[in-house]
Amino acid sequence: MLLEVNYAEEPPWPAAPDGGGHSLVLARPSLGERDPRPWAASQLPGGSPGASELVVPPSGGLAAVVVNEVLAHAPAGGLDFVELFNYGTQAVSLAGCVLTDNPDTNKFIFPPGS
């Protein structure tokens, strides 16, 4: 055995490896394997058995855009917000993309030109 770690189904552990088909991978080993922050979901369902896992941010397209920060239920007078970050080097159009936590309600659809 090379490494054993106890993990949980709740944040800050990644959700995709919990029955979503992705493996749990040590993406940032410098933080230490006992801390949940260095763990991430594998880029592909099923992981990459016997091969290196790609753990650098994707290089382009929508795959390079991540939710970077969220403020929900801001204090009185404040605004709720979601911050997106593009890890890529090219501009990415968000036109037609949907941001939601429930596909049946509360959808934000990015307008043309986004």
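- Between Val65 and Phe85, every side-chain heavy-atom pair lies at or beyond the 4.5 Å cut-off.
- Put simply, the residue from Pro14, Pro17, Ser42, Pro38 that forms a side-chain contact (heavy atoms from CB on, under 4.5 Å) with Val25 is Ser42.
- In plain terms, the two heavy atoms of Leu24 and Trp39 that are nearest each other are CG-CE3, 3.6 Å.
- In this structure, CH2 on Trp13 lies 8.0 Å from CG on Asn6, to the nearest 0.5 angstrom.
- Between Leu71 and Leu79 the shortest heavy-atom distance is CD2-O, 3.7 Å.
- In this structure Val82 satisfies the side-chain contact (heavy atoms from CB on, under 4.5 Å) test together with Val67, Val70, Leu84, Leu99, sequence neighbours excluded.
- Across Arg34 and Glu4, no two heavy atoms sit closer than the pair NH1-O, 3.9 Å.
- Screening residues 61-83 for side chain to side chain donor-acceptor pair (under 3.5 Å), with sequence neighbours left out, gives Asn68-Glu83.
- Closest of all the heavy-atom pairs between Arg37 and Leu31 is CB-CD1, 4.1 Å.
- Remark: Tyr7 pairs with no residue by the ring-ring contact (aromatic ring centres under 6.0 Å, His included) rule, at least two apart or across chains.
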